[in-house]
Structure formats: C-alpha cells, structure tokens
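Structure first, then comments.
Side chains included, hydrogens not; waters and symmetry mates left out as well; all remaining heavy atoms used.
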Amino acid sequence: MREKLMRMLDERQDEMIKIRRHLHNHPELSFQEEKTAQFVLDFYQGKPVEIDQEVGNGHGIIVTIEGAKPGKTIGLRADFDALPIEEETGLPFASSEKGVMHACGHDGHTAYLLVLADCLIELKDELKGTIKIIHQHAEELPPGGAKSMVESGLLDDVEHIYGIHFFPFKKAGEVAYHPGYAMAGRSYFKLRIQGKGGHGSSPHMANDAIVAGAHFVNAVQTIVSRSLNPFDMGVVTIGSFDGAGQFNVIKDHVTLEGDMRYMTNEVADKLDERIREIVKGIEAEFGVTCELELTRDYPPLYNDEKITMQIAETLEQKGIGDYLTSVSEFPQLSGSEDFAYYLEKIPGSFFYVGAAPKGVENPYFNHHPKFDIDEDALLVAAKSVADVALADLFA
C-alpha cells in the first residue's frame with residue numbers, strides 16, 4: 001500500500017502546486033475563510049467520506065476516511081487562514097486581495113493535505129483504521145479555531161494526531177522535530193492607565209500617565225530577569241504604547257499592549273502574577289487607575305516524546321535516501337501555534353518541514369511580506385505525513 005500511495009503522490013505533485021497557487025492567489029483572513037472552506041468542500045464533493053462542516057467557532061471542516069479494516073483512529077490537520085499583510089513577493093500568483101497574504105504557508109499546508117487525503121480515499125479498501133482530515137480555520141487570530149474544534153466532540157475518538165509546518169530554516173527534503181515542549185504558549189495583555197491631564201508648565205497640577213506608563217515598560221522587563229528561574233523560558237514584549245498627544249500637554253491616559261511567551265503553564269502563572277503585582281504597584285506609586293486585560297491565547301505546544309521519537313525513526317527509515325535528505329532534532333521555538341490545543345487532549349506531534357526557496361541564502365521568515373516556500377516541500381510534506389500515518393495505523 002505504501003508503494004502505491006507514494007507513487008500516487010508523485011503523480012499528483014503538480015496538482016498540489018496548482019492548489020497551493022490558487023489558494024495563495026485567493027487568501028482570506030481568520031474567521032473569514034468562506035471561499036476557502038467552500039473550495040475544500042468542493043474538492044471532496046462526491047467522494048466516499050463523511051464530512052462535517054462549520055465545525056467549532058468558524059469554517060472548520062472534518063473529513064472522515066474509514067478504512068475497510070478495523071483499527072485505530074488518527075487525525076491529520078492543516079490550517080487554511082491567511083494574514084493581514086500586503087504581499088511583496090512579486091509572484092505571478094501573488095495575492096489578489098489587498099492587504100491579505102498567505103505569509104505563513106497555510107496555503108501549502110492545505111494543498112498537500114487535500115491531495116494526500118484524496119489518495120488515501122482511493123486506497124481506503126486497503127486502509128486499516130480511520131483517518132480524520134482536519135481542515136482548520138483561524139490559526140492566526142486568537143482564540144483560534146483549534147480549541148473550538150476540539151470542544152466540538154468530533155475528535156473525541158482520535159487516538160493520535162499529527163500536523164506539520166513549513167519553515168524556511170531548513171531546505172526542502174529536510175525535516176525537523178522536537179520532543180516535549182516544542183513551541184511557546186502566548187498571552188496577550190492590554191493596560192489602560194488613567195491619570196490627570198494638564199498643562200506642560202504645571203506638572204504639579206496634573207498626574208502624568210506617560211510617566212506611569214514608562215515606568216510600567218521598565219518594570220515588566222524585570223519579570224524574566226528577576227522572577228523566573230534562569231532555566232525557564234519567558235519573554236515579555238511591549239508592542240504598542242499609545243500616548244500620542246501635544247508637546248506641551250500632560251497626557252491624562254495611555255494604552256499599552258503586549259504579549260508574553262512561555263514554555264510551561266507554571267511559567268505562565270508566574271508571569272500573570274507578576275504583571276498584576278506591577279500594575280497594582282503603578283497605581284500606588286503614581287496615583288493612577290489601571291484597567292488590565294490579560295488573556296491566554298494559546299498554550300505551550302507539547303509533543304508526546306514517545307510518539308515524536310517514533311516519527312523520527314519512521315522518517316529516517318522510510319524517507320532518508322528517498323524523499324528526505326535529513327531528519328534532525330530542532331531547538332524549542334518561541335513562536336506559538338494553536339495546534340497545542342489538540343495536543344492538550346490527544347497525544348501526537350507537530351513537526352517541521354523545510355521549505356527555504358531554492359537559491360536564496362537568507363530566506364524571509366514566516367509572516368514577512370516577501371515570505372515564500374520551495375514548492376518541492378509540498379510533496380515532502382505529503383510523503384512525510386503519509387509515512388507517519390501508515391506507520392501508526394499499521395503498527
């Protein structure tokens with residue numbers, strides 16, 4: 001069966017590329033992916049599968065492929081939303097939507113999984129077990145789509161789940177993995193500081209919100225350096241300080257926004273605790289009032305260690321010398337990914353497929369307006385996930 005599947009994928013590589021380019025040309029933002037979802041649904045039209053649509057809090061789709069032989073149930077996931085970025089690649093199939101771009105490879109994720117799923121459908125009479133194909137909406141925008149798809153209950157019978165991401169830090173043919181905590185969790189915060197405005201010549205008659213805000217910026221930088229164990233990972237970033245006004249007017253209020261990253265929920269708890277304490281201190285020290293909004297967007301992504309090492313072994317045995325040139329462990333990433341919600345409930349793993357464009361020495365990273373992938377990575381992803389799925393189902 002594996003030989004048939006690999007041959008079918010080879011024969012449909014051009015189709016993967018065609019689908020990826022169509023999706024790249026027609027991107028849609030998180031929670032607005034109506035046409036993308038319809039494209040996915042049309043692809044499966046008339047095929048012998050069960051389809052659940054509008055799953056979760058958006059346009060999520062779950063396609064169930066039942067093999068002829070009994071066995072376990074696994075899940076394969078790809079996301080399909082784009083980003084609010086103006087594309088600058090100059091590609092002939094560049095985004096046709098102003099200010100919207102597939103700058104994170106989700107077009108490629110969807111393209112490879114559609115073709116892989118279709119090949120598996122054709123081979124379902126030889127397939128052992130059940131595969132649930134998860135086409136997920138809104139990965140980029142909290143609260144994301146993954147959490148709600150898990151909460152739908154439609155994945156309760158899934159025993160193992162797998163996903164991949166294209167990244168330019170490896171070339172096509174190179175696959176990387178990290179067992180255990182692999183990607184950071186992320187929290188968002190917004191702080192509004194209310195002081196008392198006044199004339200720049202008379203600070204004693206006002207209460208300067210900018211000074212209080214500046215103190216907050218400095219104070220939160222001590223959280224990681226002085227409140228966390230040096231062996232724990234944590235990041236606190238102030239990304240926005242809205243205090244625009246007049247040069248001779250003391251500002252009565254400012255609004256700051258930022259995020260925090262962490263590798264464990266214990267570190268997240270400590271970051272939450274310290275930022276709330278600092279806000280209380282700002283109120284007491286400067287006589288201002290503060291409104292703090294603090295939400296956890298995505299949890300840390302934890303790859304089951306045993307399953308991840310089994311993936312590495314499978315890909316080394318099946319892929320090296322065929323469609324892969326290397327399989328290697330990669331360091332933890334401080335970026336976040338809502339696939340973490342699946343892994344909180346279902347053992348599985350999320351691994352990385354190299355996609356650096358050919359001939360580019362310093363490729364642009366994900367979320368850059370010039371981000372692009374080597375389309376050979378589509379076939380690599382399809383074959384890698386195929387090998388992982390078959391190794392699990394036929395174990």
Side-chain angles (χ1 to χ4, degrees), residues 20-21 23-33 36 58 77-91 93-112 136-146 163-172 176 178 182-189 233 235-240 257-263 295 297-301 330-341 350-357 360-375 377-378 381:
R20 182 255 167 166
R21 293 183 178 186
L23 295 173
H24 192 91
N25 186 231
H26 299 90
E28 293 179 296
L29 295 174
S30 303
F31 297 107
Q32 301 176 33
E33 315 97 327
T36 304
R77 173 269 208 173
D79 37 19
F80 56 58
D81 56 326
L83 286 155
I85 293 175
E86 184 69 26
E87 183 163 355
E88 298 176 6
T89 62
L91 293 168
F93 52 89
S95 172
S96 61
E97 302 296 326
K98 185 173 178 57
V100 184
M101 177 191 175
H102 270 296
C104 203
H106 297 185
D107 49 345
H109 297 171
T110 300
Y112 99 77
Q136 187 207 304
H137 60 293
E139 188 278 329
E140 298 287 0
L141 183 64
I164 66 99
H165 206 301
F166 292 123
F167 281 122
F169 48 61
K170 295 282 186 181
K171 297 177 181 178
H178 189 94
M183 299 184 72
R186 185 183 77 193
S187 294
Y188 162 83
F189 63 86
M233 176 272 185
V235 177
V236 181
T237 297
I238 306 292
S240 174
E257 292 180 279
D259 74 1
M260 301 185 290
R261 310 279 175 152
Y262 38 83
M263 279 296 172
T295 59
D297 293 338
Y298 303 149
L301 187 149
F330 200 78
Q332 292 176 317
L333 294 175
S334 56
S336 303
E337 162 64 59
D338 80 344
F339 192 83
Y341 280 116
F350 188 75
F351 59 99
Y352 315 128
V353 174
V360 178
E361 186 174 345
N362 296 303
Y364 294 100
F365 197 53
N366 304 61
H367 291 215
H368 192 282
K370 293 184 179 180
F371 172 81
D372 192 19
I373 64 170
D374 180 350
E375 291 177 323
L378 298 171

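Here Thr89 pairs with Glu87, Leu91, Ala94, Met101 under the side chain to side chain contact (heavy atoms under 4.5 Å, CB included) rule; sequence neighbours left out. Residues meeting the salt bridge (Lys or Arg N to Asp or Glu O under 4.0 Å) test with Arg20, sequence neighbours left out: Asp107, Asp372, Glu375. Every residue two or more places apart in sequence or in another chain that forms a salt bridge (Lys or Arg N to Asp or Glu O under 4.0 Å) with Arg261 is listed here: Asp259. Applying the ring-ring contact (aromatic ring centres under 6.0 Å, His included) rule to Phe166 yields the partners His109; only residues at least two apart in sequence or on another chain are considered. Residues forming a ring-ring contact (aromatic ring centres under 6.0 Å, His included) with His178 (at least two apart in sequence, or on another chain): none. Residues forming a side-chain hydrogen bond (donor to acceptor under 3.5 Å, both in side chains) with Tyr112 (at least two apart in sequence, or on another chain): none. Remark: Leu333 engages Phe167, Phe169, Met183, Phe330, Tyr352 in a side chain to side chain contact (heavy atoms under 4.5 Å, CB included) (not counting sequence neighbours). Residues that satisfy the side chain to side chain contact (heavy atoms under 4.5 Å, CB included) test with Lys370, not counting sequence neighbours, are Glu88, Tyr364, His368. Residues forming a ring-ring contact (aromatic ring centres under 6.0 Å, His included) with Phe93 (at least two apart in sequence, or on another chain): His24. Shown here are the salt bridge (Lys or Arg N to Asp or Glu O under 4.0 Å) partners of Asp338, two or more places apart in sequence or in another chain: Arg77. Partners of Ser334 according to the side chain to side chain contact (heavy atoms under 4.5 Å, CB included) rule, which considers only residues two or more places apart in sequence or in another chain, are Met233. Listed by chain and number, the residues in a ring-ring contact (aromatic ring centres under 6.0 Å, His included) with Tyr298 amount to none (sequence neighbours excluded).
Nearest heavy atoms, Gly105 versus Phe371: N-CE2, 3.5 Å. Residues Ala82 and Glu140 come closest through the heavy atom pair O-CG, 4.2 Å. The minimum heavy-atom distance between Met263 and Ala182, with the atom names listed, is CE-O, 4.0 Å. Here the closest non-hydrogen pair linking Ala172 and Asp374 is CB-OD2, 3.6 Å. Taking all atoms of both residues into account, the shortest heavy-atom contact from Gly354 to Ala377 is O-CB, 3.4 Å.
Between Leu83 and His367 there is a side-chain heavy-atom pair separated by less than 4.5 Å. Contact check for Glu337 versus Glu139: side-chain heavy atoms found under the 4.5 Å cut-off. Within the 4.5 Å cutoff, no side-chain heavy atoms of Pro168 are placed close to those of Ile373. With contacts defined as side-chain heavy-atom distances shorter than 4.5 Å, the pair Val236/Tyr262 does not qualify. You'll find the side chain of Pro369 stays beyond 4.5 Å of the side chain of Glu86, heavy atoms only.
Side-chain N or O atoms of Glu33 include one that pairs as donor or acceptor with a backbone N or O of Phe31 at under 3.5 Å. Using a distance-only test at 3.5 Å, with no hydrogens or angles considered, no donor-acceptor pair links the side chain of Thr295 to the main chain of Asp297. A donor-acceptor pair under 3.5 Å links the side-chain atoms of Ser336 to the main chain of Ala184, judged by distance alone.
Rounded to the nearest 0.5 angstrom, Leu23 CG and Phe80 CZ are separated by 10.0 Å. The structure places NE2 of His106 at 8.5 Å from OG of Ser30, a figure rounded to the nearest 0.5 Å. Going from atom CD of Gln136 over to atom CG of Asp81 covers 7.5 Å, rounded to the nearest 0.5 Å. Atom-to-atom distance recorded for Thr36:OG1 and His137:NE2 is 12.5 Å, nearest 0.5 angstrom. In this structure, NE2 on His165 lies 13.0 Å from CZ on Phe351, to the nearest 0.5 angstrom.
By the 6.0 Å contact criterion, NZ on Lys171 is open, its count of non-hydrogen atoms from other residues, nucleotides or ligands being 12 or less.
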